[in-house]
Amino acid sequence: MKKDLIRDNFLLHFVVIILGFTAILGKLIQLPAIQLVWFRMMIAFMALGILILISRKNFRLSFRNIMKLALIGVVIAAHWICFFQAIKVSNVSVTLGCLSVTTLFTSFLEPLINRKKISILEVIIGLIIILGIYIIFRFEVRYIAGIIYTIICAFLASLFSVLNKRISLHYEPDVTTFYEMLSGFIVISLFLFISQGSEAFQTLPAFSDLIYLLILGIICTAFAFSATIRIMQKLSAYQVVLAINLEPVYGIIAAYFIFGESEHMTTEFYIGASVILLSVVLYSVIRSRNKIA
């Protein structure tokens, strides 16, 4: 049992490292946010479909459950569009630094949707994170649009994490993710066709974008998302979201070395980001001491 817990936590943090590079890829890819997500979901559901066929898993689910997964897939698509749009209008550091507000949303949404008692500790940690967001917001006014997109993105991330927790207990993670990616792809396709017509599908990505999209779709989406759902079968949505809050550590450091001056922020930004990250450590320490006691 203890070995399984160690393995699950190791896998979770490995996935977080992969997710930390998602923002990097989002900035490297030159496509608009919505088309970027369209390609990402297309590559992801195709990769998962091939994997499911090779492993001879069953695609069959009830129509009702497919509709539930389709709804989650649409939420995921909207989350990703806001995420990449935030990067386009600000930068990687701002987007990843503010994304930790997901924790506050989850502290309310998980008890509300799953009919659990609200944890005072989780709410307090969430409020500390809000303080960090406030510090960033106050001193990084040039990136207000990016911060707003990120806060919307964080709410949607919290919502689909909690909803995935409810349904992931009953099905194979690969199959669950397949239907979510497929539904998101279909909805974005319909939106692009209605808003832009067939021209929306005639522009092919550059070769470098295609390589980045393949990495984004297969490794950072198909694998990472499937692994996250598998982890959610054993850990709470809040624990998963909390660990994902470490994503800014990897992403911001990598972005600084890759993009240089464009990722250089004010001192107050790093103070706000430190407040957010320290709250994650504080939560982990308190939870571990309570378990020992």
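All values below come from the heavy atoms of this structure, side chains included, with hydrogens, waters and symmetry mates left out. Along the sequence shown, residues are numbered consecutively beginning with 1.
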Exercise. What's the spacing between Thr95 OG1 and Gln85 CD if we round to 0.5 Å?
Worked result: 10.0 Å
Exercise. Taking Lys88 for the side chain and Leu31 for the main chain, is one N or O donor matched with an acceptor at less than 3.5 Å?
Worked result: yes
Exercise. Any sub-3.5 Å donor-acceptor pair from Gln196's side-chain atoms to Ile194's backbone N or O?
Worked result: no
For this session: Grab the two heavy atoms, one from Ala33 and one from Ile81, that are nearest each other, plus how far apart they are.
Result: CB-O, 3.8 Å
Problem set entry | For Ala44 against Ala222, the heavy-atom pair lying closest together | O-CB, 4.1 Å
Exercise. Out of curiosity, Met41 CE to Leu36 CG, how far, rounded to the nearest 0.5 Å?
Worked result: 12.0 Å
Exercise. Any side-chain heavy atom of Leu213 sitting closer than 4.5 Å to one from Pro205?
Worked result: yes
For this session: State, to 0.1 Å, how close Leu19 and Ala224 come at their nearest heavy-atom pair, and which atoms those are.
Result: CD2-CB, 4.2 Å
Exercise. Rounded to the nearest 0.5 Å, how far does CH2 of Trp38 lie from CD1 of Ile34?
Worked result: 11.0 Å
Exercise. So, the side chain of Thr177 versus the backbone of Asp174: is there a donor-acceptor pair under 3.5 Å, distance only?
Worked result: no
For this session: Using side chain to side chain contact (heavy atoms under 4.5 Å, CB included) as the criterion, list what pairs up with Phe193, not counting sequence neighbours.
Result: Phe201
Problem set entry | Considering all heavy atoms, the nearest Gly217-Ile43 contact | CA-CG2, 3.8 Å
Exercise. With under 30° as parallel and over 60° as perpendicular, where do the rings of Phe45 and Phe185 fit, or are they tilted in between?
Worked result: tilted
Exercise. To the nearest 0.5 Å, what is the distance between CD1 (Ile29) and CG (Leu210)?
Worked result: 9.5 Å
Exercise. Within a strict 4.5 Å, meaning less than it, do heavy atoms of the Thr22 and Phe84 side chains meet?
Worked result: yes
Exercise. Is the CZ atom of Phe14 crowded by more than 12 outside heavy atoms at less than 6.0 Å?
Worked result: no
Problem set entry | Donor-acceptor under 3.5 Å (Thr102 side chain, Ser158 main chain) | no
For this session: Search all heavy atoms of Phe83 against all heavy atoms of Cys153 and return the closest pair with its distance.
Result: CB-SG, 3.6 Å
For this session: Could you tell me whether the side chain of His79 reaches within less than 4.5 Å of the side chain of Leu159, counting heavy atoms only?
Result: no
Exercise. Distance-only, no hydrogens or angles: does the Thr221 side chain make a donor-acceptor pair with backbone N or O of Ile218 under 3.5 Å?
Worked result: no
For this session: Only counting residues at least two apart or in another chain, list the ones meeting side chain to side chain contact (heavy atoms under 4.5 Å, CB included) with Leu61.
Result: Ile66, Leu69, Tyr171, Val175, Tyr179
Seminar exercise, completed: Heavy atoms of Phe105 and Ile151 approach each other most closely as CE1-O, 3.7 Å
Exercise. For atom CZ of Phe21, is the number of surrounding heavy atoms from other residues, nucleotides or ligands below 6.0 Å larger than 12?
Worked result: no
